[in-house]
Amino acid sequence: MDPRRLALIRSGGPSEGRFTVGSGYLVAPRLVLTARHVLVDRVTETFWPTITVKLGHERVGALTKAAAELIWEHPDGLDIALLRIDQSIDLRDTVRWGRPAGVVPLPYVGLGYPWAAKNKGKREPEQLRGVLPVLSGGQGRYILDQTPAPAARAGDGNAWGGASGAAIFCGGHLVAVVTQEDDAYGARRLIGLPVSSFAMDDDFVSHVEEATGCRPEVSAIGAPLPKAVPALQRSADERELEKLLAPLFPDPAARIGHAKDLARELGYDVEGYEPGIADLAALVTAHPRALATLAEALARAAGTVSAALTRLLSRARVLVECGLLLSTNEYNDLLGLLRGVCEKDPTLLPRSAREALRYVVLPAPLTRARLDEDCLPDVIESLEGLFDSEIVPEGTPSVPALLRLVEYVAAAADELGAGLHAWSEAVVERLGVHPHALSERRADAARWAKQPASPVSRLVMELERDDMAADERYWCRILLARDDGSYRVLEQEKSASKTPQEVASSLNEAVLSIRQEPGQRDCAPWVTVAVGKDGLRYAVDEWVPGKADDILPARPIGADYRVSLSCPELSELIPEREDDQERRWKNGRWATLVVPPACDSRDRLVHLLRTEYRDTARVVLHGPADERRRWLLATLGLGVPVVLWDRDADGHQDAWRLESLAPLSDLEGLPERVRHLRSDMAAGPAEERAKPSLVWEPERRHPRSETLQLTDPSRGTNTS
């Protein structure tokens with residue numbers, strides 16, 4: 001890849017308001033290769049009349065601006081095109097064309113101009129890099145798993161927009177052109193059009209041959225066997241890995257035999273391969289399943305798991321950050337077993353995961369009611385780095401979260417359960433996990449399979465304002481709380497903050513995911529929005545999800561769900577608050593304080609709540625708008641669990657606007673009455689209607705955020 005050949009393409013017309021930006025690569029002195037759609041006006045579906053190209057990279061020389069014209073598009077409509085620029089660029093070498101071969105994932109590089117790489121409104125080049133898994137994807141496309149990935153862009157935007165047309169290189173050969181982003185993978189995966197699908201077209205060949213003097217020959221590119229770097233260049237982790245491997249191979253011939261078998265199983269050509277310990281360490285580091293596959297072979301050959309092998313597995317997870325839990329055989333066996341489960345009952349895996357992995361941020365496919373078996377590979381891989389947090393016998397490894405899930409699936413899978421149990425036992429033996437630990441998980445799973453699920457009590461959505469954002473944006477985290485006190489994370493997003501519209505859309509998706517929950521009552525979901533004390537002013541119930549259609553109108557979330565606020569932060573600032581809340585729930589749920597006009601100060605309100613209304617659980621807060629926040633914080637600080645107020649009220653004179661909510665009527669029906677009023681407002685806003693805000697602190701404490709995420713410290717946090 002030569003950065004001097006990078007092209008920034010801008011296509012447009014007479015109107016300055018619309019244009020398309022894309023990337024390209026100079027494959028000959030006057031020929032630029034790019035994606036066809038970069039040159040097309042999406043509105044008219046015709047080619048733009050004007051195309052300009054900026055060539056080069058600022059880090060390696062001056063940029064050259066040129067006009068361009070379309071000279072070739074694929075006759076079968078593939079998303080590929082050739083441009084001719086109006087000046088010749090002096091190039092030294094010719095482009096080498098390639099086709100990935102074998103089964104080993106290939107590292108790739110490229111250069112493009114994605115939307116996410118804008119800086120002060122200017123497109124800057126981004127060096128694409130990642131892995132091309134040769135066996136992934138269908139006919140006519142390559143999967144590009146991108147290592148540095150932006151956050152997915154909201155709405156119709158595309159975080160990688162502008163990278164289309166970028167040339168992708170493996171082993172110094174141009175193998176693909178970026179054509180699209182895979183939305184299902186949250187901007188972590190790109191799609192490339194293989195060079196082999198268009199490089200033999202007669203017209204394409206003639207253009208390249210005329211410009212370069214030679215035909216584009218496509219060569220097979222396989223992944224080279226990993227080789228150790230010179231000793232002085234090896235890192236401390238690499239040297240430690242060699243020391244852990246050495247005791248396992250006292251016989252050099254056995255080492256070479258195991259290394260060849262491992263390389264062959266991973267898909268490499270092993271002819272002439274005579275690896276030393278350092279080369280074996282390089283091989284183990286290069287492939288995510290190499291370590292587990294080697295360990296499985298060693299345990300099988302020895303008939304037992306040695307102490308040296310257990311030390312290797314325990315320590316190597318830190319040293320080999322990309323190492324996955326399962327060997328190639330274990331992975332393929334599990335994939336086959338779970339496919340059988342999905343075919344028989346596509347709801348079983350999501351149901352089992354929600355119980356077995358309550359406190360894990362589940363992969364997105366497991367948050368849905370049914371699991372498509374095509375999602376199984378990604379589900380397995382995303383869980384391989386996590387371990388459950390329960391106690392194991394001293395000196396033994398933790399139990400993998402994936403293994404715990406398999407046990408829960410097996411407990412409810414009838415005749416398919418025997419195969420899953422056998423798989424678990426083999427993996428436990430290979431990993432050195434204590435049999436008692438497996439027995440405990442198996443017993444938990446059996447108990448779960450026999451009992452009905454606890455219904456969902458509410459969704460808890462934690463909001464935190466992103467003060468660094470130029471516009472209104474929030475960090476959002478969504479938890480599902482059950483009647484039995486259990487809970488699980490539905491969404492934890494820290495890669496990008498969200499607009500109010502995006503937050504509302506995320507909440508809608510969470511609500512959809514629980515509709516098929518076993519035991520779920522047929523009622524409007526209750527959403528508790530947990531905010532800091534400054535967030536009590538947020539009109540969250542008015543936020544409207546995006547993407548309304550022509551059939552159903554867009555509605556604010558407060559019109560469809562019971563939305564109430566909560567402020568856990570006050571309990572951290574006032575330690576006695578939770579005890580006060582408990583007392584008020586116990587003794588005063590039938591008592592209500594409607595703040596009267598005679599209550600003209602915060603001090604008088606505090607006096608009432610400490611004396612005559614000391615046990616009252618409900619306060620209808622009236623008072624001057626400029627004092628409302630101070631009065632509200634005082635009320636909540638004294639442990640009042642339910643507070644209702646009109647955020648549009650100017651003072652006591654507007655108290656009548658809340659009367660339609662029957663604020664003194666039954667307490668349990670208040671959230672639903674508030675929802676009905678918000679729904680009436682959405683159906684047809686009217687003057688002088690209240691805009692009610694409701695704080696409702698549940699009788700049980702909120703799930704504690706810090707205990708919800710199970711992680712393997714060597715792998716970091718797994719987020720959805």
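Bear in mind the structure is a predicted one, so any value in this text is a computation, not a measurement.
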### Message
Just to verify, what does D378 make a salt bridge (Lys or Arg N to Asp or Glu O under 4.0 Å) with, not counting sequence neighbours?
### Response
none

### Task
Could you list the residues that satisfy ring pair (Phe, Tyr, Trp, His ring centres under 6.0 Å) with Y474, not counting sequence neighbours?
Y538, W543

### Query
Going by an N to O cut-off under 4.0 Å, is there a salt bridge joining R289 and E384?
yes

### Query
Can you list the residues that meet the salt bridge (Lys or Arg N to Asp or Glu O under 4.0 Å) rule with E343, with sequence neighbours excluded?
none

### Query
Are any of the side-chain nitrogens in R441 or D444 under 4.0 Å away from the carboxylate oxygens of its partner?
no

### Message
D345: which residues meet the side chain to side chain donor-acceptor pair (under 3.5 Å) condition with it, sequence neighbours left out?
### Response
T347, R351

### Check against salt bridge (Lys or Arg N to Asp or Glu O under 4.0 Å), R675 and E672
CA-CA 5 Å; R675 184 183 76 83; E672 184 66 4; 2.8 Å; yes

### Task
Would you kindly say whether Y268 and R264 are connected by a side-chain donor-acceptor distance under 3.5 Å?
no

#### Entry: Residues in side chain to side chain donor-acceptor pair (under 3.5 Å) contact with R442, at least two apart in sequence or another chain
E407, H421, E425

### Query
What residues, two or more places apart in sequence or in another chain, satisfy salt bridge (Lys or Arg N to Asp or Glu O under 4.0 Å) together with D79?
none

### Summary
Contacts of R141 meeting side chain to side chain donor-acceptor pair (under 3.5 Å) (sequence neighbours excluded), chain-then-number -> none

### Message
List the residues meeting side-chain contact (heavy atoms from CB on, under 4.5 Å) with P671, not counting sequence neighbours, and say none if there are none.
### Response
W526, R562, L694, W696

#### Entry: Sequence-distant partners of S136, side-chain contact (heavy atoms from CB on, under 4.5 Å), two or more places apart
P133, I143

### Task
Could you tell me which residues satisfy side chain to side chain donor-acceptor pair (under 3.5 Å) with K344, sequence neighbours excluded, listed by chain and number?
E415

### Message
Applying salt bridge (Lys or Arg N to Asp or Glu O under 4.0 Å), can you list everything that pairs with R188, at least two apart in sequence or on another chain?
### Response
none

### Message
For a 4.5 angstrom cut-off between non-hydrogen side-chain atoms, does Q146 reach R189?
### Response
no

### Query
Partners of L135 by side-chain contact (heavy atoms from CB on, under 4.5 Å), sequence neighbours excluded?
V103

